[in-house]
Student: 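Got a structure for you, questions after.
Positions are given from 1 along the sequence.
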Amino acid sequence: QVQLVESGGGLVQAGGSLSVSCVASGRTFNMNTMGWLRQAPGKEREFVAGINWSGDRAYYADSVKGRFTISRDNAKNTVYLQMDSLKPEDTAVYSCAARDSRILTMIPERYNYWGQGTQVTVSS
C-alpha cells in the first residue's frame with residue numbers, strides 16, 4: 001500500500017505560478033512511477049504529468065507541456081509539480097498518483113494509488 005498526501009495549491013491569477021507537492025509513505029517510494037492527475041467540475045479525471053522511478057524521464061499532457069514541470073526527490077519520498085503560466089482552464093483538483101510499475105503511462109486508470117487532492121484555482 002502507498003499513502004499519498006498533497007499540499008500546496010490555492011488561488012492565483014492567470015499567468016501566475018503555483019507549486020504542489022506530494023509526500024508518499026508505505027511501500028518503497030522509489031519503486032513507483034509517480035504522476036499528477038486533475039479533475040475539473042463536470043469533467044473526467046485527466047493525466048497531467050508523470051515521472052519514472054529514477055526521475056530522469058517525464059511525460060506531460062499536451063495541454064501543459066512547456067508550462068508544467070514534474071520532479072521527484074526519492075530521499076524525501078516527495079514528488080512536485082511546478083505550474084507556470086497558469087490559465088483559467090487549469091482550474092481543477094490536482095491529485096498525486098502512484099503506480100506499482102516502473103513503466104510510465106499517461107492513462108489515469110493505470111495508477112494504483114491516488115491522494116485526496118488539492119484545489120488549484122486560476123482566475124482570469
Student: Just to verify, what does Gln3 make a side-chain hydrogen bond (donor to acceptor under 3.5 Å, both in side chains) with, not counting sequence neighbours?
Tutor: Ser25

Student: Residues in side-chain hydrogen bond (donor to acceptor under 3.5 Å, both in side chains) with Tyr60, at least two apart?
Tutor: none

Student: So which pairs with a foot in residues 43-90 pass disulfide bond (SG atoms under 2.5 Å apart), sequence neighbours left out?
Tutor: none

Student: Only pairs at least two apart or in different chains count here, so list each salt bridge (charged side-chain N to carboxylate O under 4.0 Å, His left out) that has a residue in residues 82-92.
Tutor: Arg38-Asp90, Arg67-Asp90

Student: Quick one, Phe68 with Trp36, criterion side chain to side chain contact (heavy atoms under 4.5 Å, CB included). Give me CA distance, side-chain angles, the key distance, then yes/no.
Tutor: CA-CA 11 Å; Phe68 290 13; Trp36 286 94; over 6 Å; no

Student: Mind checking what makes side-chain hydrogen bond (donor to acceptor under 3.5 Å, both in side chains) contact with Ser21, not counting sequence neighbours?
Tutor: Ser7

Student: Return yes if a side-chain donor-acceptor contact under 3.5 Å exists between Tyr113 and Asp100, otherwise no.
Tutor: yes

Student: Taking side chain to side chain contact (heavy atoms under 4.5 Å, CB included) as the test, write out the residues that go with Glu44, two or more places apart.
Tutor: none

Student: Can you sort out the partners of Lys65 under side-chain hydrogen bond (donor to acceptor under 3.5 Å, both in side chains), two or more places apart, ordered by chain and number?
Tutor: Asp62

Student: Please, which pairs that meet side-chain hydrogen bond (donor to acceptor under 3.5 Å, both in side chains) have at least one residue in residues 114-124, sequence neighbours excluded?
Tutor: Gln119-Thr121

Student: For residues 59-95, pull every pair meeting disulfide bond (SG atoms under 2.5 Å apart), keeping only residues two or more places apart or in separate chains.
Tutor: none

Student: Does any pair with a residue in residues 84-124 pass disulfide bond (SG atoms under 2.5 Å apart), and if so which ones, sequence neighbours excluded?
Tutor: Cys22-Cys96

Student: Just grab all the disulfide bond (SG atoms under 2.5 Å apart) pairs involving residues 33-83, residues at least two apart or on different chains.
Tutor: none

Student: Return the NZ to OG1 distance between Lys43 and Thr91, rounded to the nearest 0.5 Å.
Tutor: 10.0 Å

Student: Running the 4.5 Å side-chain criterion over Ile, Leu, Val, Met, Phe, Trp and Tyr, what cluster does Val5 land in, apart from itself?
Tutor: none

